[in-house]
Peer 1: 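Next up is a structure, given as structure tokens.
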Amino acid sequence: MENPFASEDLARDPLDLAWTLLGSRLLSDAGEGRVELLITEVEAYRGLDDPASHCYRGRTARNAVMWGPPGRLYVYFVYGMHFCANVVGMSDGVPGAALLRAGEVMAGGELARQRRPRTRGAGHHAIGPAVLTGVLGIDRECNGVDLTDAESVVRLLPGDDRPATAVRSGPRVGVSAAVDYPWRFWLADSKAVSTYRRGGRKTAARK
DNA sequence: ATTCTGATTCTCT
DNA sequence: GAGAATCAGAATT
């Protein structure tokens with residue numbers, strides 16, 4: 001069994017954290033069975049000085065985990081049906097995190113396909129934050145899980161070293177504030193990456 | 001191929 | 001009560 005990240009290795013600014021997460025791996029035993037995912041796309045959310053962050057307007061019950069120690073999983077529910085997951089960074093007491101947006105399933109492809117039928121093909125791409133959580137079996141029960149503890153249901157393992165040129169960046173997806181911050185990062189040579197949709201949608205349901 | 005819309009419920013104003 | 005760090009399927013804007 002491989003060793004997870006140490007908590008202090010993740011106590012960094014979300015922009016650095018995003019960089020660190022690319023190419024690292026998530027091991028999830030949530031639900032039945034195990035799925036391993038190589039992280040290919042993330043977005044940084046800085047908290048205090050980032051208008052698009054859940055923490056921009058202060059601490060609430062929902063965002064509490066983002067203010068806690070680094071290396072925890074911040075899971076939230078959106079659009080009435082989906083879960084999204086972040087890795088918490090910064091130090092205890094200062095909010096900051098990186099949203100996990102996409103990855104490639106390295107092990108547990110059968111289970112992944114069962115959970116998300118669209119996750120198919122040789123690459124087993126899980127593109128989109130809610131597809132990613134679906135494939136890993138992550139839901140609200142995983143909020144606050146310590147990714148640096150080898151006993152946790154979800155762990156985060158360091159990836160191999162890679163050249164800086166392997167990373168690209170661009171605008172975040174789906175946010176309505178700070179739309180021009182190029183705080184989405186992805187692996188240039190991966191096909192498991194969101195296609196940027198300009199502007200995104202403003203509102204969900206309208207009557 | 002790209003663009004639009006319905007689904008569905010939680011959180012904060 | 002509005003809007004949300006979205007997805008999947010249908011329309012073709």
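Values below: all heavy atoms of this structure, side chains included; hydrogens, waters and symmetry mates excluded. Computed from a predicted model, the values in this text were never measured in an experiment.
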Peer 1: Give a yes or no on whether a donor-acceptor pair under 3.5 Å exists between the nucleobase atoms of B:dA7, that is its base, and the side chain of A:Y79.
Peer 2: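 No, no donor-acceptor pair under 3.5 Å.
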Peer 1: Examine C:dA4: is either OP1 or OP2 under 4.0 Å from a nitrogen or oxygen in the side chain of A:S176? Give yes or no.
Peer 2: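 For C:dA4, OP1 or OP2 has a side-chain N or O of A:S176 closer than 4.0 Å.
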Peer 1: Rounded to whole angstroms, how far apart are CZ on A:R57 and C1' on C:dA2?
Peer 2: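 Nearest whole value for this atom pair: 13 Å.
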Peer 1: To check you understand the geometry: which heavy-atom pair defines the closest contact between A:L21 and A:L100, and what is its length?
Peer 2: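 Between these two residues, the closest heavy atoms are CD1-CD2, 4.3 Å.
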Peer 1: Is the phosphate of C:dA4, meaning OP1 or OP2, less than 4.0 Å from a side-chain N or O of A:R62?
Peer 2: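 Checking A:R62 against C:dA4: no side-chain N or O falls below 4.0 Å of OP1 or OP2.
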Peer 1: How would you label the contact of A:A130 with the nucleic acid (heavy atoms, under 4.0 Å): base, sugar-phosphate, or nothing?
Peer 2: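 The answer is sugar-phosphate, as A:A130 gets under 4.0 Å only of primed atoms, P, OP1 or OP2.
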Peer 1: May I ask you to decide whether A:D146 forms a salt bridge with A:R155, counting only side-chain N to carboxylate O separations under 4.0 Å?
Peer 2: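 No, A:D146 and A:R155 are not salt-bridged.
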Peer 1: To check you understand the geometry: which heavy-atom pair defines the closest contact between A:L132 and A:G103, and what is its length?
Peer 2: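 In terms of heavy atoms, the two residues are closest at CD1-N, 4.2 Å.
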Peer 1: Are A:Y76 and A:H54 an aromatic pair, judged by ring center distance below 6.0 Å?
Peer 2: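 Yes; A:Y76 has its ring centre under 6.0 Å from that of A:H54.
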Peer 1: Ignoring the backbone of A:M81, work out which of B:dC10, C:dA5, B:dT8 is nearest its side chain.
Peer 2: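 Side chain of A:M81 sits closest to B:dT8.
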Peer 1: Can you check the A:H54 NE2 to C:dA4 C1' distance for me, whole Å?
Peer 2: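 Value for this atom pair: 7 Å.
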Peer 1: Does any nucleotide pair with C:dA5 by Watson-Crick or G-U wobble geometry, both distances under 3.5 Å, and what is it?
Peer 2: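 Its partner: none found.
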Peer 1: Expressed as a whole number of angstroms, how long is the span from A:R172:CZ to C:dT6:P?
Peer 2: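 From A:R172 CZ to C:dT6 P: 11 Å.
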Peer 1: On the nucleotide C:dT6, are OP1 or OP2 found under 4.0 Å from the side-chain N or O atoms that A:R101 carries?
Peer 2: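 A:R101 to C:dT6 OP1/OP2: side-chain N or O found under 4.0 Å.
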Peer 1: Is A:E43 paired with A:R172 through a side-chain N to carboxylate O contact shorter than 4.0 Å?
Peer 2: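 Answer for the salt bridge query: no.
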Peer 1: To the nearest angstrom, how far is A:F77 atom CZ from B:dT11 atom C1'?
Peer 2: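 Computing the A:F77:CZ to B:dT11:C1' distance gives 11 Å.
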Peer 1: Whole-Å distance between C:dC7 P and A:H125 NE2?
Peer 2: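 Spelled out: NE2 on A:H125 to P on C:dC7 is 16 Å.
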Peer 1: Answer yes or no: does a side-chain N or O of A:T60 lie under 4.0 Å from OP1 or OP2 of B:dT11?
Peer 2: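 Negative; the distance criterion is not met.
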Peer 1: Can you tell me how far C1' of C:dA5 sits from OH of A:Y74, to the nearest Å?
Peer 2: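 Distance, rounded to whole Å: 9 Å.
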Peer 1: When you measure from the side chain of A:V131, which nucleotide among C:dC7, C:dA5, B:dT13 comes out closest?
Peer 2: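 So the nucleotide nearest the side chain must be C:dC7.
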Peer 1: Nearest whole Å is fine: how far is B:dT9 P from A:Y76 OH?
Peer 2: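 Taking OH of A:Y76 and P of B:dT9, I get 18 Å after rounding.
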Peer 1: What is the distance, to the nearest angstrom, from the CG atom on A:L99 to the C1' atom on C:dA4?
Peer 2: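 Checked: the CG to C1' distance equals 13 Å.
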Peer 1: Check the geometry between A:Y45 and C:dA5 and answer yes if their rings are stacked (centres below 5.5 Å, planes below 30°), otherwise no.
Peer 2: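 The ring of A:Y45 is stacked on C:dA5.
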